[in-house]
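One structure is given here, and the rest of the page talks about it.
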Amino acid sequence: MDTIKNYVETLFLEFPNTEEVQRAKQEILTIMEDHYLALLDEGKSEHEAIGQAISEFGSIDELREELGISFQKEKNGIDEDEMYQYLIAQKQGAKGLSLGISGCLLAVGILTSLGIGGIAIMALLLFFIVLAISIGAIIYNGMQFSKNNELLNDRFIPVDLNKEAQRLKQGYQKSFQVSLVIGICLCILSVSPILFFKMFTYARYGVPVMFLFLAVGVFLIIYGGINYSIFDKFIKEKYFIADEDILGPNALQEKYGDAAQARYLLGRIYWPIVVMIYLGWSFLTNLWGSSWLILVMAGLLYSILQAVITKK
């Protein structure tokens, strides 16, 4: 039975999660299961019955015509070129973001070299230069990440694109593992320069080198991790989600079905109302020391409301 259910789910992957689609899916599943049971009664083995039940149903287009289903396949889907452009852009952003974070560590390492060899002024100047460039890189690339995500937000991800993303992720897995292992090893070994220089009574010379090790290690971990995770945008969901906390209309409909509209309204109006109640109560009673409990209770109530709406 599970094989038949999985087959029917696969047939409907490229269709929106509407009431009409769900009714059609359930009707097809019922017909196939009845046919499967009938074949078992005729003396067929389980594998034979499953294979025959599936093979005799044909394509989804034929089933749609037979059942009089009027829905259409999802339009405005993301094509392969758009996915590759997104991956290239995010890879560049990952490099810039990783360099920015590593640069901050490197700047601290430069700062620790103050007083070594009489280069205090030069080290201090270089610290501010590297830190400014690194923070700028973090801000710029963070904004680019958001911009790239918004371009594809709430658009349909075809099955072929999902499979291609899985293939690309699998191909990148070895590179991710190597960068992760080397990065972690560098972070662990970052104390070794201090121990090395300490043998010659110059332990302070090892501190800047330690931060260099940390900067390279952190770069490899973050860069590899971001590149490995960006494929999931095309794998885990049927619609591209730019921000998990703010789902688009299509993603909401797919995830929550009939409860999508209620979830959308709850997310829009709940917290503004809570904030108004909190501020109003606090100003009127001047009980700022205890009114924060309103926010705690509101958080608990929000989780309960989400669960109730989703269940419906």
Review item, side-chain donor-acceptor pairs of residues 175-192, under 3.5 Å, at least two apart:
from: S179; atom 1: OG; to: S175; atom 2: O; distance (Å): 3.3
from: S179; atom 1: OG; to: F176; atom 2: O; distance (Å): 2.9
from: S190; atom 1: OG; to: C187; atom 2: O; distance (Å): 2.7
from: S192; atom 1: OG; to: L189; atom 2: O; distance (Å): 2.4

(request) Provide the closest heavy-atom pair for F234 versus A165 in the form atom of the first, atom of the second, distance. (result) CB-CB, 3.6 Å
(message) Using the rule that Ile, Leu, Val, Met, Phe, Trp and Tyr join whenever any side-chain heavy atoms are under 4.5 Å apart, tell me whether F128 and L111 fall into a single cluster.
(response) yes
(request) Please confirm whether K233 makes a cation-pi placement over Y86, using NZ or CZ under 6.0 Å from the six-membered ring centre and within 45° of the ring normal. (result) no
(message) Restricting to non-hydrogen atoms, name the atom on K169 and the atom on I235 that form the minimum distance, rounded to 0.1 Å.
(response) CD-CD1, 3.9 Å
(request) Start with the C-alpha distance between Q85 and D81, add both sets of side-chain angles, then the distance that settles side chain to side chain donor-acceptor pair (under 3.5 Å), and finish with yes or no. (result) CA-CA 6 Å; Q85 289 174 7; D81 288 339; 6.0 Å; no
(request) Count the heavy atoms of every other residue, nucleotide or ligand shown that sit under 6.0 Å from CH2 of W292, and state whether that count exceeds 12. (result) no
(message) Grouping I, L, V, M, F, W and Y whenever their side-chain heavy atoms are under 4.5 Å apart, do I88 and L152 come out in a common cluster?
(response) no
(request) First locate atom CD1 of I221, then atom CD1 of I226, and finally report the distance between them rounded to the nearest 0.5 Å. (result) 12.0 Å
(request) Write down the atom of A137, the atom of G100, and the distance for their closest heavy-atom approach. (result) CB-CA, 4.1 Å
(request) Measure from NZ or CZ of K238 to the centre of the six-membered ring of F156, then state whether that distance is under 6.0 Å and the direction lies within 45° of the axis. (result) no
(request) Answer yes if the side chains of Q144 and N148 hold a donor-acceptor pair under 3.5 Å, and no otherwise. (result) no
(request) Kindly state each residue pair satisfying side chain to side chain donor-acceptor pair (under 3.5 Å) with at least one member in residues 277-286, sequence neighbours excluded. (result) S282-S291, N286-W288
(message) Tell me whether D79 contacts the main-chain N or O of E82 through its side chain, where contact means a donor paired with an acceptor under 3.5 Å.
(response) yes
(request) Only counting residues at least two apart or in another chain, list the ones meeting side chain to side chain donor-acceptor pair (under 3.5 Å) with N153. (result) none
(request) Decide yes or no for Y239 and R155: does some side-chain heavy atom of the first lie under 4.5 Å from some side-chain heavy atom of the second? (result) no
(message) Taking I129 as the starting point, is it possible to reach Y140 by hopping between hydrophobic residues whose side chains are less than 4.5 Å apart?
(response) no
Side-chain donor/acceptor pairs under 3.5 Å, residues 297-305, sequence neighbours excluded:
from: Y302; atom 1: OH; to: Q306; atom 2: NE2; distance (Å): 3.4
from: S303; atom 1: OG; to: G299; atom 2: O; distance (Å): 3.3

(request) Would you name the heavy atoms of P208 and G109 that are closest together and state the gap between them? (result) CB-O, 3.6 Å
(request) Only counting residues at least two apart or in another chain, list the ones meeting side chain to side chain contact (heavy atoms under 4.5 Å, CB included) with L168. (result) M83, Y84, L87, E164, F231
(message) Rounded at 0.5 Å granularity, tell me how far CD1 in I133 sits from CD1 in I138.
(response) 12.5 Å
(request) Grab the two heavy atoms, one from V274 and one from L295, that are nearest each other, plus how far apart they are. (result) CG1-CD2, 3.9 Å
(message) Within the structure provided, determine whether I101 and F219 are in side-chain contact (heavy-atom separation under 4.5 Å).
(response) no
(request) Measure the shortest side-chain to side-chain distance between N149 and Q90 over non-hydrogen atoms and say whether it is less than 4.5 angstrom. (result) yes
(request) Sequence neighbours left out, what passes salt bridge (Lys or Arg N to Asp or Glu O under 4.0 Å) with K95? Give chain and number order. (result) none
(message) Rounded to the nearest 0.5 Å, what separates atom CD1 in I110 from atom CG in L126?
(response) 4.0 Å
(request) Group every Ile, Leu, Val, Met, Phe, Trp and Tyr by side-chain heavy-atom contacts under 4.5 Å, then state whether I277 and I269 land in the same group. (result) yes
(message) Membership question, hydrophobic clusters at under 4.5 Å side-chain separation (ILVMFWY): are L279 and I294 in the same one?
(response) yes
(message) Quick check for you: to the nearest 0.5 Å, what is the distance between D232 atom CG and Q166 atom CD?
(response) 9.5 Å
